[in-house]
Protein chains: 2
Amino acid sequence: MPKAKTDKTTGTQLLDRAISILNHLGDAGADGARMSELADACSLNASTAHRIISSLENHGLIERIAGTRRVRLGLALFALGAKAADGTGFRRACHPSLLRIAAETGDMVFLMARSGFNTVCVDRQEGAYVIETLTGQVGGQIPLGVGSAGQAILAFLPEAEAEAIIAANATAYKAFNQLSADDVLARIKEIRELGYALDHGQLIEGISALAMPIRLNDASIAGALTINMTSARLKPKRLEGLLELLQREIAVIRGLINPYEVRAAKPQARPAG
Amino acid sequence: MPKAKTDKTTGTQLLDRAISILNHLGDAGADGARMSELADACSLNASTAHRIISSLENHGLIERIAGTRRVRLGLALFALGAKAADGTGFRRACHPSLLRIAAETGDMVFLMARSGFNTVCVDRQEGAYVIETLTGQVGGQIPLGVGSAGQAILAFLPEAEAEAIIAANATAYKAFNQLSADDVLARIKEIRELGYALDHGQLIEGISALAMPIRLNDASIAGALTINMTSARLKPKRLEGLLELLQREIAVIRGLINPYEVRAAKPQARPAG
DNA sequence: ATCGTAATTCCATATTCTGAAATTTTCAAG
DNA sequence: CTTGAAAATTTCAGAATATGGAATTACGAT
């Protein structure tokens, strides 16, 4: 679980600490954590941690678990998160595509986006076949570089940025089937040429994932569409069909999104056509 | 939109300001807001607002909208919010009930919970009939006291607390079909006796909502189950059936939740039976 | 009932955050 | 292409805020 770097900003130490607490609580899961655990985990004085946690509690971002001395993330955070999801408009624009792909293929379809050093599951749609995945529910996240969607996104990020991310995530990779930074770098090179990412059981045995990046007119990358299925279901012939399907839907999505985003993009190299 | 009070806590002004900015951005919706707007809205010096926003941006809680000078809530917040939803375990425990109720009735079913002064939609399930509602999507919220779910929750909160909430929300009520604090107080009294809340088109013309509180063994209130339908579909005979159905499902939910929560509840008056 | 641990409060102090001012960037209009 | 006004960003000395050690209280295990 790579944590976002905190060092650069000045003048907001308290804020950094509070967010650190929220992130740790997020990792803690359903049972939450004790204040002292959080204080330890974030290297804070108990008194400081207590003050921050109390404040977050007053705002509803954290709540106490009745009958225990533990706290967990609160519903106000949940509500804010829901607004964040709507806010991007990205999900709304892509949802019809997810529905169509799931209906046509019968497989699970995911909409993934980048958040810092991670790949976040923004939306998902189940087809007839439901299988195990790493990010699971909407809102789940894994380090960028793990999984085909994250690799597809990395591949089309500016090279320097991609390398920085991979370096930052390197230690986190080990937890995923002994992935290494070099593996990711190699994979990304292929993906850049192919235009899509295919994981044929490398990440989860027996599960194949096909991801295609959603690129915008200004060459930035909005996210990726992913189809997951059991490897047995992905025969070479089917792959072609799926790629076409993905391409078609991404064209639709670009039509919906670009008018928003492109308004006077940076006066840089604009890809011809 | 009542904002949570901020005054009491000491030693976290910066945090309060940051959360205020997040809340305002949440209200801003898909197009986000300018920094200067946020600074104004939160009564902050531009420089201070800038510092806070930048920090939140570094953590991914806020993101810039490409090609504009606007910012919106970020995906990291979305991810945190998703963890908050899972974290309560409440949703997971109740979801099967939602599915059963939606299947049996064909109507829309909601799981609502309290967050500060608001009622939050924690989960929802569509039946055959889909209709307009106020909280809409999961994560949506309205002031406690508006809508049958919020009233059901208020009715079984400690009286002093309920009154404080109603007083705090009084001005916010006006926006909802000219509701008044007195209306809410009167309604709550009825609900306490009946054991459920029925809105027969008072809030949204032509839409009826039936809500029943989910109370725990320690007399605290976890939330409410709500069924929404067009008023035409709610005939007196049907009401009985729906009430039974809700009661049955809430019994199931209590069985799932209580083991967790009750661990040594406060040694206070435990309602007999 | 007793003790060790965790939570909470208190408060003088240092540190962090503040906000006015200066600088740079952006954008609309001429 | 200029120009100018508004927004964003940076800087910095000073002031208010957050800090964390110590004291106190609450909890829960034995």
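- If you check residues 36-49 of chain B against DNA chain D, the residues with a heavy atom closer than 4.0 Å are B/S36, B/S47, listed by number.
- Contact between the side-chain N/O atoms of A/R70 and the OP1/OP2 oxygens of C/dA6 is not found at any separation under 4.0 Å.
- Paired with A/F117 under the rule side-chain contact (heavy atoms from CB on, under 4.5 Å), one option of A/L144, A/N169, A/I166 passes, and it is A/N169.
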Taking only nitrogen or oxygen atoms into account, show me every contact under 3.5 Å that the protein makes with nucleotides 14-16 of chain C, one pair per line with its distance.
{"residue": "C/dT16", "atom": "OP1", "partner": "A/Q13", "partner atom": "NE2", "Å": "3.2"}

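- Applying side-chain contact (heavy atoms from CB on, under 4.5 Å) to B/L154 and the options B/I221, B/I191, B/I188 leaves one that passes, B/I188.
- Distance A/R34 CZ to D/dG28 P: 8 Å, rounded to the nearest Å.
- OP1 or OP2 of D/dA8 has not a single side-chain nitrogen or oxygen of B/H50 nearer than 4.0 Å.
- An OP1 or OP2 oxygen of D/dA8 is reached within less than 4.0 angstrom by no side-chain nitrogen or oxygen of B/R51.
- A side-chain donor-acceptor contact under 3.5 Å links B/R70 to the backbone of B/D31.
- One finds a salt bridge joining B/E161 and B/R114 here, because a Lys/Arg side-chain nitrogen approaches an Asp/Glu carboxylate oxygen to under 4.0 Å.
- Of the listed nucleotides (C/dA7, D/dT9, D/dG20), C/dA7 has the atom at the smallest distance from the side chain of A/M35.
- Straight-line distance from the CG atom of B/L15 to the C1' atom of D/dA16: 17 Å, rounded to whole Å.
- A/I21 pairs with exactly one of A/D16, A/I52, A/L61 by the side-chain contact (heavy atoms from CB on, under 4.5 Å) rule, that one being A/I52.
- A/N118 contributes no side-chain N or O that, together with a main-chain N or O of A/V120, makes up a donor-acceptor pair within less than 3.5 Å.
- Rounding to the nearest 0.5 Å gives a distance of 12.0 Å between NE2 of A/H59 and OG of B/S115.
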Practice item. Apply side chain to side chain contact (heavy atoms under 4.5 Å, CB included) to B/D27 and A/K83, showing your working. Key: CA-CA 8 Å; B/D27 293 339; A/K83 285 177 181 164; 3.6 Å; yes
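- Distances shorter than 4.0 Å separate none of the side-chain N or O atoms of A/R69 from OP1 or OP2 on D/dA26.
- Between the P atom of C/dT9 and the CD1 atom of A/I53 lies a distance of 13 Å, rounded to the nearest Å.
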Point to revise | CA sep, side-chain torsions, deciding dist, call: B/F176, B/I142, side chain to side chain contact (heavy atoms under 4.5 Å, CB included) | key: CA-CA 10 Å; B/F176 297 90; B/I142 52 176; 4.3 Å; yes
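- In this structure, B/R17 places its CZ atom 12 Å from P of C/dC17, rounding to the nearest Å.
- C/dT8 atom P lies 12 Å from atom CG of A/N58, rounded to whole Å.
- Look at CD1 on A/I52: it is 13 Å from C1' on D/dT17, rounded to the nearest Å.
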